[in-house]
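The structure appears below as structure tokens.
Residue numbers run from 1 in the order of the sequence given. Only heavy atoms go into these numbers, but all of them, side chains included; no hydrogens, no water, no symmetry mates.
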Amino acid sequence: MTHIKIFILTTLLLLAFSAQAQAKKLIIGTTLHPYYSFVTNIVQDRAIVQPLIGEGFNPHNYRPQPEDIKRVMNLDVLVVNGIGHDEFAMEILEAAQMKGKIPVIFANKDVSLIPVAGNMDDLRIVNPHTFISVTTSIQQIYTIASALAEIDPDNAKFYKKNGRKYVRKLRKLKAKYMQRIADLPDVEFRCATIHGGYDYLLQDFGLQVTAVIEPNHGLKPTANQLAKTIKKIKALKVDVIFTEMHFPDKYVDTIHEETGIRIRHLSHLTGGSYTPEDFEQGIEANMKALTDALIEAHKIKEGE
């Protein structure tokens, strides 16, 4: 056998092996942008990560589309929030008759959940926005990595190692912003949020949300509710209002005009493109906005 024939045979065998390895890769579905980032950082090139729905949709009011049903039928496993933020995933599984046929990883299985704080209607609603926090996201990353290790034992060590590496990166990121406010004296910081999704983020920094302006999950306030909100946040002596990036400006402008309270923006982390870096970029922007507000509140109180 000539060298050329040996080379050709070796190349064909390598291609066949590569194709076989590619065919064996898990196809892992994810429901929200942070979970795409979590899973992609865990599996890297050892599995295929497939968003369950396309970009540009609002998960609050999403209704399954025919292409979603086709997509879920090709999945080997699905990662979900599972506590109120991606009910559409269960609808898609039902419609595709895939419920019970593929493993579903509930990312929040081991997370200590809290209710939405400061709700204007005084309702006690479990807060599903655990992905808008480094601490609760870390717990979810460990849960996802462990579950994937059981489903795909050949790559178990790889997944767990990557999970720990990603967690270290996020811890360092959080430490960077904790350091920004480490020397601030104790200040009574009172904030309101437009969207009821930032409790876990505030909890990361030892803070609480004083009031949530959105009357219920995904609903905009009526004129009467807005008037009640303005009256209440005035009485609560709120320092800053954190608004959702895409919340209608007219509500925010009205509140600012009537109260004079400073407005800062936070991201819900469930929009834009699906990328491995999406979560860390979004959570860093949120932590910067929060620590900026704390530093500014301290300076204002010092000048009083």
(message) Please list all pairs meeting salt bridge (Lys or Arg N to Asp or Glu O under 4.0 Å) that have one or both residues in residues 143-166, counting only residues at least two apart or in different chains.
(response) none
Distance-only side-chain donor-acceptor flag, [X] / [Y], under 3.5 Å:
| X | Y | result |
| --- | --- | --- |
| Q203 | T135 | no |
| Y177 | D204 | no |
| Y35 | N81 | yes |

If you measure from [atom1] on [X] to [atom2] on [Y], what distance do you get to the nearest 0.5 Å?
| X | Y | atom1 | atom2 | result |
| --- | --- | --- | --- | --- |
| S37 | I283 | OG | CD1 | 11.0 Å |
| Q140 | S133 | CD | OG | 8.5 Å |
| M287 | L201 | CE | CG | 8.0 Å |
| L52 | D86 | CG | CG | 9.0 Å |

For residues [X] and [Y], report the shortest heavy-atom separation together with the two atoms involved.
| X | Y | result |
| --- | --- | --- |
| H256 | I261 | ND1-O, 2.7 Å |
| H265 | A289 | O-CB, 3.5 Å |
| P103 | D76 | CD-O, 3.0 Å |

(request) Give me the ring orientation class for F189 and F242: parallel if the planes are under 30° apart, tilted from 30 to 60°, perpendicular past 60°. (result) tilted
(request) State yes or no: are the ring centers of F279 and F38 separated by less than 6.0 Å? (result) yes
(message) Go through it in stages, so that I can follow the logic: the residues are K25 and D45, the test is salt bridge (charged side-chain N to carboxylate O under 4.0 Å, His left out), and I'd like the CA-CA distance, side-chain angles, deciding distance and then a yes or no.
(response) CA-CA 9 Å; K25 285 184 179 181; D45 62 348; 5.7 Å; no
